[in-house]
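Just below is one structure, and these are the notes that go with it.
In what follows, chains carry the letters A, B, and so on, assigned in the order in which the sequence lines appear, proteins first and then strands, with residues in each chain numbered from 1. In what follows, every heavy atom counts, from backbone to side chain, and hydrogens, waters and symmetry copies are set aside. Here the structure is a predicted model, which is why all the values come from computation and not from measurement.
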Amino acid sequence: MQPWSIAAAAAAAPFPPLPPSWAHQIRVAASQGDFHHAIALFLRMRASDPAAACSSVLTSLPGALKSCAALGLRALGASLHALALRSGAFADRFAANALLNLYCKLPAPPSHSPEMDGSAVVLESVRKVFDEMPEKDVVSWNTLVLGCAESGRHGEALGLVREMWRDGCKPDSFTLSSVLPIFAEGADVRRGMELHGFATRNGFHDDVFVGSSLIDMYANCTRTDYSVKVFDNLPVRDAILWNSMLAGCAQNGSVDEALGLFRRMLHSGIKPMPVTFSSLIPACGNLASLLLGKQLHAYVIRGGFDGNVFISSSLIDMYCKCGNVSIARRIFDRIQSPDIVSWTAMIMGHALHGPAREALVLFDRMELGNLKPNHITFLAVLTACSHAGLVDKGWKYFNSMSDHYGIVPSLEHHAALADTLGRPGKLEEAYNFISGMKIKPTASVWSTLLRACKVHKNTVLAEEVAKKIFDLEPRSMGSHIILSNTYSSSGRWNEAAHLRKSMRKKGMQKEPACSWIEVKNKQHVFVAHDKSHPWYERIIDALNVFSEQMVRQGYVPNTDDVFQDIEEEQKNSVLCGHSEKLAIVFGIISTPPGTTIRVMKNLRVCVDCHTVTKFISKIVGREIVMRDANRFHHFKDGICSCGDFW
DNA sequence: CTAGGGTTAG
């Protein structure tokens, strides 16, 4: 006889494995994010297996409720609520918390009462569930705190934290990471640091969730130095945290820090992801550093990310901002299905670089593809109209916004149309347009007209417009300067001097004009009449040589923009010191023949510099790209892409 | 049953 053994018995007659229970399957599906499946299982159980449905209410309800919350199933959620009450499952912490979460996550229903909006109705039922809960724990509090924080009820969320504290329930890492984004949004670094202190004292500081909320909070408060410290102290840094750090730095202007992190990231063997690039590349655009941008583009290609629309759009934008619209266009043309952002970036690029009509050609092509323009697209289109001097089209696009697209024109759209009207000299029309606006025009809307008044030398209207601007914004620097220049250019030196004097009295100082150029990885900055650059003498010598050639070709200095009451002879020497001329000539004598010159300027280019640059581009046979405060100018063979209209 | 962190156009 064989000795009796369980193993032998099992081997002889193995039982088939038990089928997983309904409740188990529902829990697993819900926790894996397969909410439809979880709901389907729950409904099937209720219909086909009343006994199981009855015995596993407690264990299956949380998963089902979570799925309703995720899918926004209000009606089913309500019937589960009834079931929870009827079956007594509501007494259970887990089921009750899941119910609380459901009400927090459901979108606000349309409101029927005028006194109360939908979200207030929701909050009331949430609060009711919460108050009736027989047993509250930290999860219940956290659910409510998050619900308030996410629906913008910041004060209430913070009040709840105090309330839970008083109630003897200690905030934990969940609470912290729900509340920290409030201080991030409000850029309230003081209270953010208080929470950081609390986190440290209670051992939550190296929690990844808390850590990433802290990083985000400090970045939003433009304290990326603290972000980096928190980041460095975290024990575990997975890849996403790097990206979050990087984006935080890049978006808040700490580009050097972002690039440093990018290098460290590569060093630590963490592979860059598409988001890494779509947050870094725009930062290069904002620095207008073509060199850096090109290096990142090379990484993008090597990493095989060039098919990503986000990256392509950011590359288009970066190349446009760095002055290379043709590369941008090549990238755009290679996108299989450009989205609204890619189109808008490209339209804006053409609008800013010229010829601006190309922007409108693109817009029409986009519409043929049934892609719907949004308010930013219209901003780009209206910018194109103003730069191309297309008054009728400007009106047409402006009116079509509300007529065909249901987009309410914003202040920016109004400013763009006012500019479109004013630039070609339709000052009266622009004035009437601004006066008749449905929203109250701001100083910046009026100042587009003021600039137009200066260009068209209408001192009377300029004075009236300036008065409106100074009422709205008494210390508007730009407007003071434009008005003073308007006086000067019509020979009213006394009034100009008087205005300048009152500006000095108010302690207002003009922003000095400066231009800069990147040569051999180094930025060279030129301030007007600044002789400190080591090559200054050589630059002036070269400028004089160009001058002689220009005069032979018919150049006449334009002293309209010299706003001092001095002799013509002296005015010419004032013009010679303009920063953009210094930067351009430096670029020409310090780079090999044929190299494209890219110059940036903080203010708008003056008429004389514009003319001189056209001559120089022809004399040296080079393309010169200049970004001024308003747009890009491409000079080639004596012609500028702005069509002398800017 | 509760949490977070990422991206492009102005």
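Side-chain proximity of A:V341 to the nucleotides B:dA3, B:dA9, B:dG4 is greatest for B:dA9. Side chain of A:K66, nearest nucleotide from B:dT2, B:dA3, B:dT8: B:dT2. In this structure, the nucleotide among B:dA9, B:dG4, B:dT7 sitting nearest to the side chain of A:V208 is B:dG4. Residue A:F209 has its side chain nearest to B:dG4 when only B:dT2, B:dG4, B:dG6 are considered. Side-chain proximity of A:V275 to B:dT7, B:dG10, B:dT2: nearest is B:dT7. Here B:dC1 is the nucleotide among B:dG5, B:dA9, B:dC1 with the atom lying nearest to any side-chain atom of A:F94. Between B:dG4, B:dC1, B:dG10, one nucleotide has an atom nearer to the side chain of A:M348 than all others, and that is B:dG10. With B:dG6, B:dC1, B:dG4 as the choices, the nucleotide that has an atom nearest any side-chain atom of A:N97 turns out to be B:dC1. Closest to the side chain of A:E150, from the set B:dG4, B:dA3, B:dT2, is B:dG4. Side-chain proximity of A:D207 to B:dG4, B:dA3, B:dT7: nearest is B:dA3.
Of the inter-residue distances, the one linking A:L43 atom CG with A:I39 atom CD1 reads 6.5 Å to the nearest 0.5 angstrom. One finds the CG atom of A:L261 at 11.0 Å from the OG1 atom of A:T276 (value rounded to the nearest 0.5 Å).
Under 4.0 angstrom from either OP1 or OP2 of B:dT2 there lies no side-chain N or O belonging to A:K105. Phosphate contact (OP1/OP2 of B:dG6, side-chain N/O of A:Q251, threshold under 4.0 Å): absent. Residue A:K321 places at least one side-chain N or O under 4.0 Å from the OP1 or OP2 atom of B:dG10.
The nearest whole Å value for the distance from the NE2 atom in A:H205 to the P atom in B:dA3 is 24 Å. Distance, A:N220 CG to B:dG4 C1': 14 Å, rounded to whole Å. Between the CE atom of A:M245 and the P atom of B:dT7 there is a distance of 13 Å, rounded to whole Å. Separating the CG atom of A:D206 from the P atom of B:dA3 is a distance of 21 Å, rounded to the nearest angstrom. Rounded to whole Å, the distance from CD1 on A:I335 to P on B:dT7 is 20 Å. Rounded to whole angstrom, the span from the CZ atom of A:F231 across to the P atom of B:dG6 amounts to 14 Å. At whole-Å resolution of the value, CD1 in A:I316 and P in B:dA9 are 11 Å apart. The nearest whole Å value for the distance from the OH atom in A:Y103 to the P atom in B:dC1 is 18 Å.
Checked by distance alone, A:S278 brings no side-chain donor or acceptor within 3.5 Å of a matching partner on the base of B:dT8. A donor and an acceptor atom never sit less than 3.5 Å apart when one is taken from the side chain of A:D172 and the other from the base of B:dA3. The base of B:dG5 does not come close enough to the side chain of A:N243 for any donor and acceptor atom to sit less than 3.5 Å apart.
A donor and an acceptor atom, one from each side chain of A:D339 and A:S337, are nowhere located under 3.5 Å apart. Side-chain atoms of A:D137 and A:N97 form a donor-acceptor pair, as typed in the model, at a separation below 3.5 Å.
The two residues A:R365 and A:F332 make their nearest non-hydrogen contact at NH2-CE2, 4.4 Å.
Here A:D238 lies in heavy-atom contact (under 4.0 Å) with a base. Among the protein residues, A:D92 comes within range of no part of the nucleic acid, since none of its heavy atoms lies under 4.0 Å from any strand. Nucleic acid contact for A:S140: none, since no nucleic acid atom lies under 4.0 Å from a heavy atom of the residue. Among the protein residues, A:T344 comes within range of the nucleic acid bases, having at least one heavy atom under 4.0 Å from a base atom. Heavy atoms of A:I240 sit under 4.0 angstrom from at least one base atom.
Aromatic rings from A:Y299 and A:F262 are positioned such that their centres are separated by under 6.0 Å.
Proximity of a side-chain donor or acceptor of A:R357 to a complementary backbone N or O of A:L390 within less than 3.5 Å is not detected.
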